[in-house]
Amino acid sequence: MLLIRCPYCEEERPELEFRNAGEAHIARPTNIAAETDDDFEKFFFIRANPKGVIYERWRHIHGCARFFNAVRDTVTDKFVMTYKAGEPKPAKLPGAAK
Amino acid sequence: MNAMFRISGAGRLSQAKTASFSFDDKSYTGIEGDTLASALLANGVHLVGRSFKYHRPRGVLSAGAEEPNALVQIVRDDARKTPNVRATVQELYDGLTAHSQNRWPSLSFDVGAVNDIASPLFSAGFYYKTFMWPKSAWKSLYEPKIRAAAGLGVSPGKPDPDHYAARYAHCEVLVLGGGAAGIAAALAAAEAGVRVILADEQAEFGGSLRFESGARIDGQDGYAWAQAAIAKLKAMDNVRVLSRTTAFGYYAQNFVGLVERVSDHLKNPGRELARERLWQVRAGRVVIATGAIERHMVFANNDRPGVMLASAARTYLNHYGVAVGRNVGVYTANDSAYAAAIDLKKAGVNIAAIVDLRDNPAGPAIDEARALGIEINFGRAVVSAGGKLRVSSMTVQPKNGGGGRTIPVDAILMSAGWTPSVHLFSQSRGKVAFNDETKRFVPGTYAQDCVSVGACNGTDGLDAAVDEAYAAGAKAAKEASGKAGKGAKPKVDAGESWSRGMLGAAPGAGPGTTVKAFVDFQNDVTAKDIRQAVHEGMHSIEHVKRFTTNGMATDQGKTSNMHGLAIAAEELGKPIPQVGLTTFRAPYTPVTFGSIVGHARGALFDPTRRTATHGWAASQGAVFEDVGHWKRAWYFPKAGEDMHAAVNRECVTVRKVAGLFDASTLGKIEVVGPDAAKFMELLYTNPWEKLETGRCRYGIMLREDGFIYDDGVVGRLAPDRFHVTTTTGGAPRVMNHMEDYLQTEFPHLNVWLTSITEQWAVIAVQGPKSREIIAPLVEGIDMSDEAMPHMSVREGKICGVPTRLFRMSFTGERGFEVNVPADYGEAVWEALWAEGQKHGATAYGTETMHVLRAEKGYIIVGQDTDGTVTPNDAGLDWAVGKKKTDFVGIRGLTRPDLVAKGRKQLVGLKTKDPKVVLEEGAQIVADPKQPIPMKMIGHVTSSYWSENCGRSIALALVAGGRDRMGQTLYVPMPNGTIEVEVTGMVFVDEKGERLNG
């Protein structure tokens with residue numbers, strides 16, 4: 001069982017308290033009704049599914065109930081870092097490019 | 001009475017404490033502290049089982065968890081028949097009853113052994129090649145036969161009556177393995193004052209000190225030192241010592257699963273003791289001290305009972321006081337078997353000969369053996385073992401060929417060297433590295449905060465292992481806590497050191513030979529099978545493994561993996577590291593389902609939710625149905641009524657008089673805040689800004705793709721407060737959906753969401769008399785049609801307690817839903833029931849609720865919709881705000897496929913024969929005469945007998961359904977085709993007049 005650090009509770013808690021909520025940093029268009037079919041397809045259906053670093057949303061559903069963002073490596077399953085919802089994608093990851 | 005092979009003065013067990021047991025219905029006597037294996041061997045019993053595939057006679061190979069052969073069934077009673085128990089692990093208790101497995105009619109005469117004679121037919125990949133066709137034979141013939149023939153042991157015929165405990169634990173240092181290295185590491189960590197857990201799979205700590213006779217630590221015998229150290233650790237508050245506890249799985253972030261066998265060793269465990277306890281440990285640092293496992297020699301008939309690992313024979317002698325034979329041969333490729341020969345010789349057992357593959361080895365063990373007068377043959381090989389149910393001889397030849405001789409023996413001790421137990425390290429996702437000099441895989445790159453010490457790290461010698469382990473234990477404690485200890489490192493005064501040996505087939509079983517030289521005993525894989533797999537094109541070790549099943553038995557290849565790998569590598573002409581090692585996976589040894597399931601079974605498997613009126617409904621004889629976690633009253637049969645009669649009566653009474661229904665399970669969410677209306681506008685298709693306080697609206701929630709996600713009636717209690725209801729099953733996901741948008745897409749909105757499902761009990765009172773039933777109990781609410789029209793909500797009091805009184809209807813009748821705080825739910829229900837009785841009202845359950853709403857064409861999300869249905873498809877376009885510029889799903893609704901013609905639309909169906917009730921889920925076709933497979937144009941979503949209509953009614957999703965009104969369609973069923981007419985969805989009171997009736 002993984003330990004995940006909730007950026008709101010500021011502590012590591014067991015995976016059981018959390019629920020994955022899909023890829024992060026996909027903002028809903030402000031004028032969504034005017035989106036083209038192609039743009040809507042990209043927004044709603046297309047996901048990265050990378051081998052390696054993924055940016056994704058998690059919810060501390062059985063804790064503070066907040067949604068937050070996390071950086072995880074899909075190969076090792078390790079969480080690189082977590083940060084609050086609305087914060088920008090981190091420019092540099094801890095431990096990267098020593 | 002001493003058993004025949006028990007040697008007085010040898011071993012550590014008190015011979016005074018005897019225990020009687022039976023094996024295959026024959027009684028024997030053992031000693032407390034024995035394992036089943038040592039007790040059988042003490043009685044001269046080597047033949048304990050038949051092999052999996054060839055049904056060959058098999059004996060005890062090892063003295064530990066790696067045992068592939070000695071698998072037995074332990075029977076306590078009808079419900080407690082545990083199959084595949086390793087006799088080398090099962091502790092003896094007085095009265096133990098064991099049976100051999102995989103034999104018929106008896107262990108010494110087994111009909112299945114014909115497989116051994118026919119073995120050329122059963123070569124590697126036999127199953128893949130043979131049972132290919134005809135396809136139909138697989139299910140009816142091959143699979144049942146194979147399962148019957150291949151099963152090991154018998155399942156108990158009754159549910160497991162035992163209980164299984166579970167614990168979570170945290171520690172700074174977790175030490176896995178309680179041999180010399182593990183104990184040293186635990187001592188060092190414990191002295192630093194941190195929390196330490198030390199676990200070992202055996203009943204006693206000590207590991208190889210159980211057999212290493214000359215070991216001395218801190219001035220005392222090695223095993224005695226281990227016991228003293230364990231006593232010291234047990235006395236420390238910061239240390240937990242777990243014996244009989246196997247670390248079976250190493251998971252992410254130092255999360256380790258352990259199973260403690262709590263009572264399998266007891267004569268009468270009693271009900272209060274769990275059978276096993278699952279420990280889930282999160283450790284700061286893990287010290288892996290799992291030791292090494294001796295390998296057998298791969299030669300012809302190396303599986304005959306009496307042929308065993310040298311260290312096992314030594315354990316049986318030095319710990320259990322049992323000689324494994326009287327005239328013992330030894331076959332080795334390293335020094336460690338010499339120690340076994342020396343110990344047995346000193347105990348009075350004749351050593352027929354030591355056969356050593358090496359040409360001219362030298363060392364103190366060899367000198368001592370020679371000094372004891374033991375015959376030693378260098379550069380020679382045992383090419384075959386004689387005997388069938390018990391080994392009777394060994395044939396010895398020069399390893400490069402030449403004349404041989406046959407030496408009579410009653411046991412052969414083998415040692416091909418030692419394999420470090422890297423299983424847990426490998427499970428931790430560490431990468432092993434091949435040491436070319438010592439020909440073994442040892443821990444290489446670490447993936448977690450752990451360290452391997454001692455023999456599992458490839459560290460040779462007791463002295464070096466204890467040094468390494470003590471330092472690692474201290475370092476682990478320091479790293480995990482910053483604390484340092486101040487103890488003294490145990491001093492090893494004397495200990496053994498062996499390494500090297502050989503891998504792969506021994507001379508006489510090499511390429512070109514077809515002898516039965518077993519690599520994997522449990523799955524009956526021979527050296528020939530592995531070479532054949534390579535010849536047939538399996539060039540990856542993963543393919544070789546799956547084709548031959550080498551290492552895939554429950555012993556996970558503890559003794560066989562390295563031999564198999566070496567043979568494959570030789571055949572491929574590649575060095576071993578290039579062929580690679582297969583992945584080690586949890587569990588290290590088999591784990592019972594009971595220990596994984598723990599208490600989560602039966603009534604504790606899943607939570608049960610009951611509404612406030614559950615007790616009342618049960619007392620009225622209600623039949624309940626499961627809806628998610630909820631128990632809901634399904635119908636209320638009166639004496640003599642079946643379900644149909646009860647539902648028909650309930651349906652008619654509601655429309656004629658009134659009915660009471662517990663609607664508490666509906667999800668309820670309070671949406672509150674200055675931006676509550678704006679939020680509702682975004683989450684639902686309907687307009688909300690202009691909904692007046694005190695009024696209700698039916699709302700539809702979509703996903704972003706435009707499909708219906710949930711629905712429910714929403715009441716506006718105040719400009720900034722909405723009482724939202726959801727479907728019963730949808731409540732959690734709707735809450736999650738709302739929170740998701742509020743927190744991440746619309747965080748600028750000032751809104752709070754609160755789940756109030758559990759806070760309010762909801763009593764639906766529906767029917768023409770509903771107002772008359774409620775009104776006498778209500779204070780402060782004018783319930784006249786003028787003051788409180790359909791789809792309105794009022795706050796006031798009922799029976800003196802607060803209520804949110806909704807006027808709404810899921811039946812098409814005049815109706816109300818009385819919300820009261822859940823604690824008052826039962827009392828208010830009983831008061832309403834008493835009023836209702838005056839008018840002849842009925843209580844009704846979910847079945848009647850379903851029929852009544854279907855009569856009105858009201859949909860149920862999840863039954864009449866399936867995640868691909870739009871509001872338009874469901875005939876609910878009127879609920880989508882046409883002037884709105886944004887809501888979740890607005891863009892999805894305009895996707896090309898969602899506005900295309902011919903989409904499935906919800907319609908009503910009437911069977912031509914009004915008595916025929918369609919099956920829900922039944923498929924619909926336009927032309928019943930077309931050839932199979934027919935083109936299906938839709939399916940039935942809801943179907944009931946409607947007593948109010950005097951006929952069956954149904955709802956269905958049909959392609960282009962609304963353009964087919966009046967058309968005849970067909971529902972093909974196994975016993976005939978049913979004709980149906982497409983109709984509107986409303987079967988009762990099309991004008992809706994009864995809402996005010």
Side-chain angles (χ1 to χ4, degrees), chain A residues 1-5 7-8 12-16 18-46 55-69 72-80 83-87, chain B residues 168 170 249-257 280-284 428-431 445 447-449 682 702-707 732-733 735-748 752-755 881-899:
Chain A
M1 191 174 10
L2 296 170
L3 288 176
I4 302 172
R5 182 180 175 80
Y8 295 97
E12 287 195 325
R13 305 294 302 168
E15 186 186 341
L16 286 177
F18 298 84
R19 184 178 299 165
N20 184 285
E23 197 172 332
H25 300 294
I26 298 173
R28 187 175 186 270
T30 46
N31 188 8
I32 194 167
E35 292 284 293
T36 64
D37 282 342
D38 283 349
D39 287 344
F40 183 73
E41 180 195 32
K42 280 189 197 115
F43 157 71
F44 188 72
F45 292 105
I46 307 301
Y55 296 80
E56 58 190 2
R57 306 179 329 127
W58 283 77
R59 186 179 184 201
H60 193 186
I61 189 158
H62 299 298
C64 66
R66 301 295 295 267
F67 283 84
F68 60 90
N69 294 328
R72 186 172 60 92
D73 188 319
T74 59
V75 177
T76 64
D77 224 15
K78 277 187 178 160
F79 278 77
V80 180
Y83 51 102
K84 293 178 179 176
E87 289 180 4
Chain B
Y168 286 96
H170 297 261
Y250 197 131
Y251 304 98
Q253 289 170 297
N254 275 357
F255 192 67
V256 182
Q280 297 177 78
V281 181
R282 183 79 69 178
S428 80
R429 296 194 180 185
K431 290 237 181 327
T445 313
Q448 297 204 37
D449 289 331
L682 285 165
L702 306 182
R703 301 193 315 180
E704 207 71 83
D705 56 10
F707 294 131
R733 64 180 149 85
M735 185 72 183
N736 188 66
H737 178 85
M738 285 184 170
E739 280 286 354
D740 192 348
Y741 277 97
L742 181 59
Q743 290 183 33
T744 67
E745 298 291 357
F746 313 130
H748 56 280
W752 275 95
L753 303 171
T754 309
S755 167
K882 301 295 179 298
K883 291 179 189 159
K884 290 176 70 169
T885 55
D886 198 4
F887 57 83
V888 174
I890 190 168
R891 179 60 186 83
L893 283 178
T894 61
R895 290 192 291 143
D897 279 355
L898 271 63
V899 295

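Not measured: the values here are computed from a predicted model. Numbered from 1 within each chain, the chains take letters A, B, ... in sequence-line order.
- The part of B:Glu745 that comes within reach of chain A is its side chain, from C-beta onward, which places non-hydrogen atoms under 4.5 angstrom from that chain.
- When heavy atoms are compared at a cutoff of 4.5 Å, B:Asn254 does not approach chain A at all.
- Per-residue heavy-atom pair counts under 4.5 Å with chain A were compared for B:Asp740, B:Asn736, B:Val888, and the maximum is reached by B:Asp740.
- When the ring-ring contact (aromatic ring centres under 6.0 Å, His included) test is applied to A:Phe44, the partners found at least two apart in sequence or on another chain are A:Phe40.
- Listed by chain and residue number, B:Tyr709, B:Tyr741 satisfy the ring-ring contact (aromatic ring centres under 6.0 Å, His included) test with B:His737 (two or more places apart in sequence, or in another chain).
- The most heavy-atom pairs under 4.5 Å with chain A, out of B:Gln280, B:Glu739, B:Arg282, come from B:Arg282.
- With hydrogens and angles left out, the side-chain atoms of A:Asn69 and A:Glu56 include no donor and acceptor closer than 3.5 Å.
- With A:Phe79 as the fixed residue, the ring-ring contact (aromatic ring centres under 6.0 Å, His included) test singles out one of A:Tyr55, A:Trp58, A:Phe68: A:Trp58.
- Remark: A:Glu23 does not engage A:Arg57 in a salt bridge, criterion side-chain N to carboxylate O under 4.0 Å.
- For the options A:Glu41, A:Glu35, A:Arg28, heavy-atom pairs under 4.5 Å to chain B are most numerous at A:Arg28.
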